[in-house]
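Below is one structure, written out as structure tokens; comments come after it.
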Amino acid sequence: MNEPIEEAKAEAPTDFIREAVKQDLAEGRFQHVHTRFPPEPNAYLHIGHAKAVWIDYGIALDFGGKFNLRFDDTNPLKEEQEFVDAIIEDVKWLGADWEDRLLFASDYFDQMYTWAQDLIRKGKAYVCDLTPDQMREQRGTLTKPGQNSPYRDRSVDENLDLLERMKDGEFADGEKTLRAKIDMASPNINLRDPVMYRIRHAEHHRQGDKWCIYPSYDWAHGLEDSIEGVTHSLCTLEYEIHRPLYDWFLDELGIYHPRQIEFARLNLSYTVMSKRKFIELVAGGYVSGYDDPRMPTIAGLRRRGYTAEAIKEFCRRIGVAKADNIIEAAQLEDCIREGLNKSAQRVMAVLDPVKVVLTNYPEGQVEELDAVNNPEDAAAGTRKVPFARELYIEREDFMEDPPPKFFRLAPGREVRLRYGYFIKCEEVVKDGSGKIVELRCTYDPATKGGDAPDGRKVKATLHWVSAAHSIPAEVRLYDHLFNKVNPDKVEEGQTYIDNLNPDSLKVVEARIEPFAKDAKPGDRFQFERLGYFCVDKDSAPSRLSFNRTATLRDAWANVQKAQK
RNA sequence: UGGCGGAUCGUCUAAUGGUAGGACAGCGGUUUUUGGUGCCGUCAGUCUAGGUUCGAAUCCUAGUCCGCCAGCCA
């Protein structure tokens with residue numbers, strides 16, 4: 001059992017954050033490690049959040065530290081209990097363990113208020129009467145410094161009194177703010193007297209109407225980390241420029257000071273990764289909901305058939321760095337294929353059936369053939385598959401006039417039916433429009449099980465189902481939601497919506513071997529030669545419904561692409 | 001044309017002044033009753049120009065390109 005240790009050592013992920021944490025520990029800046037995942041409960045989590053969870057939780061795990069799940073619920077206008085519940089479910093499903101530390105920033109509002117008063121007493125914060133428009137004007141621009149607010153020099157007592165009255169609801173929304181007194185000429189715009197509190201007479205999902213002033217992100221976030229004793233506050237790159245502010249508040253207050261470190265957020269090819277766009281996609285009816293299997297949400301991926309294990313492996317493989325990136329979707333697909341190849345029950349299903357009649361097979365005869373449940377797992381055993389005179393095969397497995405590298409069925413050609421017999425195509429039957437409606441074939445009784453006693457070979461093995469015994473099922477075939485690697489890269493006058501892939505969902509009527517008849521929502525299968533599929537939540541015993549999780553790798557498809 | 005950050009195979013990511021390595025994708029082979037899986041091989045990279053050094057992806061200088069910031073969002 002010393003092999004896994006070797007392996008763990010070799011595969012232990014290292015990255016610039018882990019190096020920094022290691023150094024902090026070595027230098028005594030921190031004595032232990034404590035991280036947190038701080039979602040705002042205003043939307044569903046996506047695969048980018050999974051990356052963040054695995055950085056936060058993974059680092060806590062690696063260093064024997066603690067991990068908090070903390071909701072950053074400082075804006076009552078956007079946040080809802082529904083999202084809190086969904087996020088808890090997703091983070092749990094992903095595999096992170098926050099033990100008993102399910103926390104809410106809103107529980108710290110009293111403490112934050114006290115600290116705001118401290119800052120006022122230090123002359124580092126003031127109540128400002130500027131309207132949003134005025135504040136924008138006076139903030140200056142990227143190249144021009146801002147100007148001081150006329151309310152900047154109010155006395156400590158007046159500020160204290162005004163803040164108290166803001167809290168007590170004396171003023172209307174937007175009438176006043178509490179601002180940090182830093183530097184209106186700072187080249188970093190975030191330091192130009194940022195707002196700490198704004199007035200919002202709104203119902204908070206946990207605090208009800210107790211508060212009518214709410215802390216802004218910059219003011220609140222460091223305090224939350226400090227209160228919880230977080231050592232390393234890990235976040236995405238866009239907060240890098242906020243770090244001076246994060247540090248400023250903590251230093252001015254003189255309270256425990258965590259270290260913020262930023263990493264690049266995840267982008268995936270052929271999709272978008274923003275809450276706002278998710279809302280638009282759902283509201284516009286472009287997808288069926290946040291858990292539409294084409295969405296990169298955790299809920300969508302789960303419904304699509306992805307496992308938490310595959311997502312974790314994906315996060316491990318993509319690493320952590322500071323350069324902007326777009327990860328190829330193939331990278332994610334490989335992770336789910338790797339897992340499902342080892343675990344998925346095999347079954348035969350025909351997505352686009354064409355009838356095959358075995359002219360020399362006795363009418364009314366049915367044989368039960370043995371089929372392997374999972375070639376990667378002998379313990380999975382075997383099952384029986386009914387074989388009869390009339391079968392269905394995949395329409396694309398036959399070509400009347402096959403090109404050179406097409407190995408499958410063609411007139412006069414012999415192929416193997418998996419676990420069945422060799423069959424040979426003798427006749428093609430078409431309807432008036434020229435569409436093939438039936439293939440008349442003969443079978444070789446000596447090849448039962450799939451081997452010829454005379455040693456002759458075939459170049460292809462096809463999947464099939466019995467026409468009479470197979471069951472119908474709805475199968476949803478998914479493709480990329482967008483047809484551009486980066487849907488946000490658009491022409492003048494266009495938006496990412498214009499880059500939607502019109503063929504991202506195709507629903508087909510398939511036939512499946514009877515073994516699958518008792519499949520329950522969430523069950524995963526490999527349809528042989530086609531891909532991995534899972535039973536959708538819409539499925540019913542009377543009406544099976546499958547989602548395609550991923551196709552199998554397809555060498556023939558590559559050949560076809562090359563021939564074009 | 002303010003500030004902050006970034007740039008290594010097609011895509012991610014290592015190399016911490018000393019052989020540019022791995023994964024995914026691609027290509028080729030092999031095994032195979034899944035054109036799957038496995039196994040083997042292969043293609044392919046340090047943004048540019050100078051400099052320091054015995055030696056530079058790494059350090060210095062000057063450029064180039066990309067991202068983020070002007071919410072009372074997070």
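As a basis for the values below, the full set of heavy atoms in this structure was taken, side chains included, without hydrogen atoms, waters or symmetry mates. In what follows, chains carry the letters A, B, and so on, assigned in the order in which the sequence lines appear, proteins first and then strands, with residues in each chain numbered from 1.
Not a single donor-acceptor contact under 3.5 angstrom links the side-chain atoms of A:Glu240 to the base of B:rG67. Not a single donor-acceptor pair, N or O on each side, falls under 3.5 Å between the base of B:rG5 and the side chain of A:Glu262. A donor-acceptor contact under 3.5 Å links the side chain of A:Arg408 to the base of B:rG35.
A salt bridge links A:Arg165 with A:Glu170: the distance from a Lys NZ or Arg NE/NH1/NH2 to an Asp or Glu carboxylate oxygen falls below 4.0 Å. A:Arg192 has no carboxylate O lying under 4.0 Å from a charged side-chain N of A:Asp183, or vice versa, which leaves the two without a salt bridge. A salt bridge links A:Asp193 with A:Arg152: at least one charged nitrogen is closer than 4.0 Å to a carboxylate oxygen.
For A:Arg139 and B:rG71, the shortest distance from a side-chain N or O to OP1 or OP2 is below 4.0 Å. A sub-4.0 Å separation between OP1 or OP2 of B:rG35 and a side-chain N or O of A:Arg529 is present. Not one side-chain nitrogen or oxygen of A:Arg346 sits closer than 4.0 Å to the OP1 or OP2 atom of B:rU34. At least one side-chain nitrogen or oxygen of A:Thr74 sits closer than 4.0 Å to the OP1 or OP2 atom of B:rA74.
Relative orientation of the A:Tyr214 and A:Phe109 rings is perpendicular, given thresholds of 30° and 60° on the angle between their planes. Using a 30° and 60° split on the angle between ring planes, A:Phe546 and A:Phe525 fall in the perpendicular class, above 60°.
A:Lys167 forms a cation-pi arrangement with A:Tyr113, by the criterion of a distance under 6.0 Å to the ring centre and an angle within 45° of the ring axis. The side-chain tip of A:Arg154 does not point at the ring of A:Tyr126 from less than 6.0 angstrom away and within 45° of straight on.
Residues satisfying the side-chain hydrogen bond (donor to acceptor under 3.5 Å, both in side chains) criterion with A:Tyr421, sequence neighbours excluded, are A:Glu367. Residues satisfying the side-chain hydrogen bond (donor to acceptor under 3.5 Å, both in side chains) test with A:His205, not counting sequence neighbours, are A:Asp73, A:Gln81. Not counting sequence neighbours, the partners of A:Ala371 by the side-chain contact (heavy atoms from CB on, under 4.5 Å) test are A:Arg383, A:Val385, A:Tyr419. Take A:Leu103 and apply the side-chain contact (heavy atoms from CB on, under 4.5 Å) test, not counting sequence neighbours, and it matches A:Asn68, A:Arg70, A:Arg101, A:Tyr108, A:Glu228. For A:Tyr270, the ring-ring contact (aromatic ring centres under 6.0 Å, His included) partners at least two apart in sequence or on another chain are A:His480. Annotation: side-chain hydrogen bond (donor to acceptor under 3.5 Å, both in side chains) contacts of A:Glu313 (sequence neighbours excluded): A:Arg316, A:Arg317. A search for side-chain contact (heavy atoms from CB on, under 4.5 Å) contacts involving A:Pro150 returns A:Leu130, A:Gln138, not counting sequence neighbours.
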| Pairing pattern in dot-bracket form [Watson-Crick, G-U; both distances under 3.5 Å; | = partner strand] for RNA chain B | .((((((..((((....[..)))).(((((.......)))))....(((((..]....))))))))))).....

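For the C1' atoms, the distance from B:rA15 to B:rG21 is 7 Å, rounded to whole Å. If you take atom C1' in B:rU13 and the same atom in B:rG71, they sit 35 Å apart, rounded to whole Å. Separation of the P atoms belonging to B:rU53 and B:rC47 is 23 Å when rounded to the nearest angstrom. Atom C1' of B:rA44 sits at a distance of 9 Å from the matching atom of B:rG10, rounded to the whole Å.
The nearest whole Å value for the distance from the CG atom in A:Leu245 to the P atom in B:rC72 is 12 Å. One can place CG of A:Asn486 at 14 Å from C1' of B:rU11, the figure rounded to the nearest angstrom.
Stacking is found between A:Trp556 and the pyrimidine-like six-membered ring of the B:rG35 base under the 5.5 Å centre-distance and 30° plane-angle cut-offs.
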Any protein N or O atoms within reach of nucleotides 1-3 of chain B? Criterion: under 3.5 Å, listing atom names and distances.
residue : atom : partner  : partner atom : Å
B:rG2   : N9   : A:Leu142 : O            : 3.3
B:rG2   : N3   : A:Leu142 : O            : 3.3

N/O contacts under 3.5 Å, protein versus nucleotides 14-21 of chain B?
residue : atom : partner  : partner atom : Å
B:rA14  : OP1  : A:Val320 : O            : 3.4

What's touching nucleotides 26-29 of chain B from the protein side, N or O pairs under 3.5 Å?
residue : atom : partner  : partner atom : Å
B:rG26  : OP1  : A:Asn558 : ND2          : 3.3

| request: Determine, for nucleotides 42-47 of chain B in 5'-to-3' order, which nucleotides have protein heavy atoms under 4.0 Å from the base (write B), from only the sugar-phosphate (write S), or from neither (write -). | output: ------

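With distances taken from any side-chain atom of A:Met135 to the nucleotides B:rC24, B:rC72, B:rG36, the minimum falls on B:rC72. Closest contact between the side chain of A:Asn75 and the listed nucleotides B:rA23, B:rC69, B:rA74 involves B:rA74. Each of B:rU11, B:rG35, B:rA74 was ranked by its minimum atom distance to the side chain of A:Glu328; first place goes to B:rU11. The side chain of A:Ala323 sits closest to B:rA7 out of B:rG35, B:rC72, B:rA7.
Comparing A:Gln331 and A:Tyr532 against RNA chain B, the residue whose closest nucleotide sits nearer the 5' end is A:Gln331. Nearer the 5' end of RNA chain B, as judged by each residue's closest nucleotide, is the contact made by A:Arg337, out of A:Leu417 and A:Arg337.
Among all heavy-atom pairs drawn from A:Thr551 and A:Arg337, the shortest one is O-NE, 2.7 Å.
The aromatic ring centroids of A:Phe314 and A:Tyr306 lie 6.0 Å or more from each other. A:Trp464 and A:Tyr392 have their aromatic ring centers separated by at least 6.0 angstrom. A distance of 6.0 Å or more separates the ring centres of A:His242 and A:Tyr246.
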